[in-house]
K.L.:
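Just passing along the structure, written as structure tokens.
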There are 2 protein chains.
Amino acid sequence: MASTAAGDGSRPGVEGRRPHDPRVVGDAPARLRADAAHNRRALLDAASATFAEEGMDASIARIAARAGIGKGTVFRHFATKQHLVVAIFCDRLDRLADLGAELSTAPDPAAALSEFMTVGVEQQASDRSFCQAATGDTRNDPAVRAASVRLAEVAETLTARARDAGSIRADVTGQDVVLLLGAACQAAAPVAATAPELWRRYLALIFDGLRPQAAHPLPHPAPTRTQLADEAAAAGSAG
Amino acid sequence: MASTAAGDGSRPGVEGRRPHDPRVVGDAPARLRADAAHNRRALLDAASATFAEEGMDASIARIAARAGIGKGTVFRHFATKQHLVVAIFCDRLDRLADLGAELSTAPDPAAALSEFMTVGVEQQASDRSFCQAATGDTRNDPAVRAASVRLAEVAETLTARARDAGSIRADVTGQDVVLLLGAACQAAAPVAATAPELWRRYLALIFDGLRPQAAHPLPHPAPTRTQLADEAAAAGSAG
DNA sequence: ACCTGAACACCGTTCAAGT
DNA sequence: ACCTGAACACCGTTCAAGT
């Protein structure tokens, strides 16, 4: 339905791996032939919509058909289904970070933080694949980690401003805020079909927990900025 | 590793479907032959441990091998992989409900609710399949719905006591409490490998949101007790 | 350089043959 | 009544053949 697109094709470096693979590893936007660029865009659009509707286990065949391309073409653009998921997931994170950056100069810090969180949860709640990707191996991908770090930095700016204004307790970080987006989404997920706006309730409840009025000492320190990177190593050695 | 078991085989009715299938649909514990009962137990133990370690996409072949039985035997006991997941998931829910029932007569209502939530999140945080099951189609299974309803009722008892004692805000229900368990778990999940106890931080943060001190009006009503049942119908017609 | 569908490997599920 | 592994269908991935 929605013609919303994932990515703009400007970061195709990380995914494909073939003998004559034209894609580069840096952020230089490798020039694609016109038909390839068109197919890539159609693929990302189809995948984005299909994953949102059906979750991460939607089949590649369905996505390829929806995009009007052959199955093989999917794997020319993305070495693996996982890489395709990563590209879309990163795009969502980037978009939210962009919004956060805009909001970081808004006049009311508490309202800005609230708006940021609201959009973040809304984005996740309408996408069946988002929570799956956030929990699964997807988060260990380098590109996802990079996008996550940037998102956490933007969130930290928003959080610091709200904290300085006294709207938010002192012991909460931007990383906390980002992680709590998934929390609100997950709480509402089991009843999403009958109460699609329920996430607003749990976001509000969680936001009340961020306020200074009810603050009790937290039993565990906030995750560090590099902990997500360590996470990948830990997962690798554990698997 | 752990010899923890899922279920006690006393509710085998819902899953299997074969020509000479001996299992009944009610709660009468169909008498299994000694070898069948033994295999069933081994299967549940192996599946419980494997799903916890590797998540829901662990292969049936691995589980069967771990249990020391043939692949075919798995499907004699559970018509589908999903049914196996359901059996284990229900058992987790039941165990938590049991704990809640015990805690409902504890002297300190707020401490009892906190203890209930702590054990609930702890259980989920150490099980890679739990969040997946809570988000996926698993929750639409009738047996899961029944277990969820019972869990919500127990939680409501605990919540009502804490509410009456003035420890918890008036607009929060037992259903909310149950859904927020998944929230705390999900928030911590992305960093679980490097900070396995991080969920304590988010549970504490969420619990602070339940206190009356920071309460602001909630923008959405609590889910109703029957909403989970409606959920299954909605999901069915939508798919 | 890029596209494609046939071919391969893997996994959930079925079933005929065993005890 | 129950167990088992070979057989089937499906899906992610590869690759030789096309333009």
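Proteins come first, then strands; the chains are lettered A, B, ... in the order of their sequence lines, and each starts at number 1.
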K.L.:
With sequence neighbours left out, what residues match B:Asp57 under salt bridge (Lys or Arg N to Asp or Glu O under 4.0 Å)?
P.N.:
none
K.L.:
Mind checking what makes side chain to side chain donor-acceptor pair (under 3.5 Å) contact with A:Gln132, not counting sequence neighbours?
P.N.:
none
K.L.:
Just the rounded figure in Å: distance from C1' of C:dC3 to CG of A:Leu43.
P.N.:
13 Å
K.L.:
I need the CG-P distance between A:Asp35 and C:dC2, as an integer number of Å.
P.N.:
8 Å
K.L.:
Starting at NE2 of B:His77 and ending at C1' of D:dA1, how long is that distance when rounded to a whole Å?
P.N.:
11 Å
K.L.:
Run the ring-ring contact (aromatic ring centres under 6.0 Å, His included) test against A:Phe51 and tell me which residues pass, sequence neighbours left out.
P.N.:
none
K.L.:
Does A:Glu115 have any salt bridge (Lys or Arg N to Asp or Glu O under 4.0 Å) partners at least two apart in sequence or in another chain, and if so, which?
P.N.:
none
K.L.:
With sequence neighbours excluded, tell me which residues meet side chain to side chain donor-acceptor pair (under 3.5 Å) with A:Asp98.
P.N.:
A:Arg150
K.L.:
Round to the nearest Å and state the distance from A:Phe78 atom CZ to C:dC2 atom P.
P.N.:
13 Å
K.L.:
Any ion pair linking A:Asp45 and A:Arg66 (charged N to carboxylate O, less than 4.0 Å)?
P.N.:
no
K.L.:
Anything below 3.5 Å on both distances counts as a pair; with that, list the stems of at least three consecutive Watson-Crick or G-U pairs involving DNA chain D.
P.N.:
C:4-8 with D:12-16, C:12-16 with D:4-8
K.L.:
Expressed as a whole number of angstroms, how long is the span from B:Asn39:CG to D:dT4:P?
P.N.:
6 Å
K.L.:
Which parts of nucleotides 5-12 of chain C does protein reach within less than 4.0 Å, heavy atoms only, written one letter per nucleotide 5' to 3' as B for base, S for sugar-phosphate only and - for none?
P.N.:
B-B----B
K.L.:
List the residues meeting side chain to side chain donor-acceptor pair (under 3.5 Å) with B:Asp137, not counting sequence neighbours, and say none if there are none.
P.N.:
none
K.L.:
For A:Arg40 and C:dC2, what is the distance between atoms CZ and C1' respectively, to the nearest whole Å?
P.N.:
14 Å
K.L.:
Quick one: list whatever passes side chain to side chain donor-acceptor pair (under 3.5 Å) with A:Glu153, sequence neighbours left out.
P.N.:
none
K.L.:
Measure from CZ on B:Arg41 to C1' on D:dC3 and round the result to the nearest Å.
P.N.:
19 Å
K.L.:
Given atom CZ of A:Arg76 and atom C1' of D:dT14, what is their separation to the nearest angstrom?
P.N.:
13 Å
K.L.:
Are side-chain N/O atoms of A:Gln82 and A:Thr138 paired as donor and acceptor at under 3.5 Å?
P.N.:
yes
